[in-house]
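Structure, as structure tokens:
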Amino acid sequence: MSAPSAAGQPPPMVKAERVHKSFGAVEVLRGIDLEVRAGEVCCVVGPSGSGKSTFLRCVNHLEKISAGRLWVDGSLVGYRQRGDRLYEMREREVAAQRRDIGMVFQRFNLFPHMTAAENVMEAPVQVKGLGRAAARERAALLLERVGLADRMGAYPAQLSGGQQQRVAIARALAMEPKLMLFDEPTSALDPELVGEVLDVMRGLAEEGMTMLVVTHEMGFAREVGDSLVFMDDGLVVETGPPRDVLAAPRHERTRAFLSAVL
């Protein structure tokens, strides 16, 4: 089943329809509706515990949704539909879907025993079967793209937090994804290192990469985002152009949150 879209329009890159997610008796997502068009940057903000990171993990099926539907580029994520019923895909099929979705986490999750170049090379070699020479060439280009051409041979322990996060972005880009997910990519960084990571993300946005970004960097959301989503208590409370939402939020809960963080 393809994602619903307007006649003659391509499907959204991400479409969530009444998405629920529970962990036991705790309902973390309580009916999320969200659309991100191809080439857009959607920034998601909200208090801790509002379900932002859980939703991001559902988009690439790291978490299985409890109800609703999620599509990426017109295809259901993690399930196939026959009639009115959903059937869970095999892990191999889910892994194939994930190849098109890059994800950058709060913690860099680099392999500590591999150099920066080897970290970037690993997935194309192991998952796509790319030859090591071609993978190294691609890694060199990507590390140059994130400003780390001179650090190819460095191990994670020899890199700053900002440099490690930029390697993590290059690693995600190595699979040539159509969608990038960022889960608070600067929250573990010292303040003086935040800018170098945001600059890389700004460059990706300028190149037309579709991005879904959970962030607390309101300046980045205002400058780079095409849409801003405010989540609270497992629901989308408000969405709109970032400058509009930040300058004149319509909902009291959004106003209270922004007054505390701006």
Next on the checklist: Between Glu91 (side chain only) and Glu93 (backbone N and O only), is there a donor and an acceptor less than 3.5 Å apart?
Outcome noted: no
Item to check | Heavy-atom pair of closest approach, residues Ser22 and Ser66 | outcome: N-OG, 2.9 Å
Next on the checklist: Are the side chains of Glu17 and Trp71 in contact, using a 4.5 Å heavy-atom criterion?
Outcome noted: yes
Checklist outcome for this item: So CG of Leu142 and CE of Met152: to nearest 0.5 Å the spacing works out to 10.0 Å
Next on the checklist: Quick check: closest heavy atoms across Asp84 and Arg69, and the distance to 0.1 Å?
Outcome noted: O-NH2, 4.1 Å
Checklist entry - Would one find more than 12 heavy atoms of other residues, nucleotides or ligands at under 6.0 Å from atom CD of Glu144? => result no
Checklist entry - Among the clusters formed by ILVMFWY side chains lying less than 4.5 Å apart, do Leu198 and Val146 turn up in the same one? => result yes
Next on the checklist: Tell me whether Val125 shares a hydrophobic cluster with Met175, the cluster being built from Ile, Leu, Val, Met, Phe, Trp, Tyr side chains joined at under 4.5 Å.
Outcome noted: no
Donor-acceptor pairs under 3.5 angstrom involving side-chain atoms of residues 103-120: please list them, not counting sequence neighbours.
from	atom 1	to	atom 2	distance (Å)
Gln106	OE1	Ser187	OG	3.4
Thr115	OG1	Glu118	N	3.1
Thr115	OG1	Glu118	OE1	3.4
Glu118	OE1	Thr115	N	2.9
Asn119	OD1	Phe111	N	2.8
Asn119	ND2	Phe111	O	3.2
Asn119	ND2	Met114	O	3.2
Asn119	ND2	Thr115	O	3.1

Item to check | Any donor-acceptor N or O pair under 3.5 Å, side chains Thr186, Glu217 | outcome: yes
Next on the checklist: Ignoring hydrogens, what is the shortest heavy-atom contact between Ser50 and Asp232? Give both atom names and the distance.
Outcome noted: CB-CA, 3.7 Å
Checklist entry - Are any non-hydrogen side-chain atoms of Met231 and Val214 less than 4.5 angstrom apart? => result no
Checklist entry - Linking I/L/V/M/F/W/Y whenever any side-chain heavy atoms sit under 4.5 Å apart, do Val59 and Val94 land together? => result no
Checklist entry - For Arg57 and Lys21, what are the C-alpha separation, side-chain angles and deciding distance, and is it a side-chain contact (heavy atoms from CB on, under 4.5 Å)? => result CA-CA 11 Å; Arg57 292 172 65 85; Lys21 173 62 184 177; over 6 Å; no
Next on the checklist: Going by the rule side chain to side chain contact (heavy atoms under 4.5 Å, CB included), which residues pair with Glu196 if we only count those two or more places apart in sequence or in a different chain?
Outcome noted: Ser160, Gln163, Arg166, Leu193
Next on the checklist: Restricting to side chain to side chain contact (heavy atoms under 4.5 Å, CB included), what partner residues turn up for Arg92, sequence neighbours left out?
Outcome noted: none
Next on the checklist: I'd like to check Leu179 versus Val36 (side-chain heavy atoms, cut-off strictly below 4.5 Å). Are they in contact?
Outcome noted: no
Next on the checklist: Clusters formed by hydrophobic residues whose side-chain heavy atoms approach within less than 4.5 Å: which one holds Val237, and what are its other members?
Outcome noted: Val45, Met218, Leu228, Phe230, Val245, Leu246, Phe257, Leu258, Val261, Leu262
Checklist entry - Should Gln97 and Val72 count as side-chain neighbours, where that means a heavy-atom distance under 4.5 Å? => result no
Checklist entry - Distance from Asp183 atom CG to Phe55 atom CZ, nearest 0.5 Å? => result 12.0 Å
Next on the checklist: For residues 130-150, which residue pairs pass the ring-ring contact (aromatic ring centres under 6.0 Å, His included) check, not counting sequence neighbours?
Outcome noted: none
Checklist entry - Are any of the side-chain heavy atoms of Gln165 and Met201 separated by less than 4.5 Å? => result no
Next on the checklist: When you group the ILVMFWY residues by side-chain heavy-atom contacts below 4.5 Å and let the links chain together, are Val229 and Met180 in the same group?
Outcome noted: no
Checklist entry - What residues, two or more places apart in sequence or in another chain, satisfy salt bridge (charged side-chain N to carboxylate O under 4.0 Å, His left out) together with Glu27? => result none
Checklist entry - Is there a side-chain contact between Asp73 and Asp100, using heavy atoms and a 4.5 Å cut-off? => result no
Checklist entry - Roughly how far, to the nearest 0.5 Å, is CE of Met121 from CZ of Arg138? => result 11.0 Å
Item to check | Partner set under side chain to side chain contact (heavy atoms under 4.5 Å, CB included) for Glu192, not counting sequence neighbours | outcome: Asp190
Item to check | Nearest heavy-atom neighbours spanning Gly102 and Ala172 | outcome: CA-CB, 4.2 Å
Checklist entry - For atom NZ of Lys128, is the number of surrounding heavy atoms from other residues, nucleotides or ligands below 6.0 Å larger than 12? => result yes
Checklist entry - Taking atom CD1 of Ile101 and atom CG of Leu62, what is their separation to the nearest 0.5 Å? => result 9.0 Å
Next on the checklist: Could you work out, with salt bridge (charged side-chain N to carboxylate O under 4.0 Å, His left out) as the rule, every residue matching Asp244, not counting sequence neighbours?
Outcome noted: none
Item to check | Gln164 side, atom CD; Ile169 side, atom CD1 - distance, nearest 0.5 Å | outcome: 12.5 Å
Item to check | Within one Ile-Leu-Val-Met-Phe-Trp-Tyr cluster: Leu29 and Leu76, side-chain cutoff 4.5 Å | outcome: yes
Checklist entry - Are any non-hydrogen side-chain atoms of Met13 and Glu40 less than 4.5 angstrom apart? => result no
Next on the checklist: Let me confirm one number: the CD1-NZ distance from Ile32 to Lys52, rounded to the nearest 0.5 Å.
Outcome noted: 11.5 Å
Checklist entry - Restricting to pairs with a member in residues 175-228, which pass ring-ring contact (aromatic ring centres under 6.0 Å, His included), not counting sequence neighbours? => result none
Item to check | Any donor-acceptor N/O pair, Glu35 side chain to Pro12 backbone, under 3.5 Å | outcome: no
Checklist entry - Can you name the ring pair (Phe, Tyr, Trp, His ring centres under 6.0 Å) partners of Tyr79, sequence neighbours left out? => result His61
Show me the donor-acceptor pairs, under 3.5 Å and distance only, between side chains in residues 205-213 and residues at least two apart or in other chains.
from	atom 1	to	atom 2	distance (Å)
Glu207	OE1	Arg145	NE	3.4
Glu207	OE1	Arg145	NH2	2.3
Thr210	OG1	Gly39	N	2.7

Checklist entry - In chain order, what residues pass the salt bridge (charged side-chain N to carboxylate O under 4.0 Å, His left out) check against Arg30, with sequence neighbours excluded? => result Asp233
Next on the checklist: Looking at every non-hydrogen atom in both residues, tell me the closest pair between Leu143 and Ala170 and how far apart they are.
Outcome noted: CD2-CB, 4.1 Å
Next on the checklist: Does Gln158 have more than 12 heavy atoms from other residues, nucleotides or ligands lying within 6.0 Å of its CD?
Outcome noted: yes
Checklist entry - If we only count heavy atoms from C-beta on, is the Asp33 to Arg18 side-chain gap below 4.5 Å? => result yes
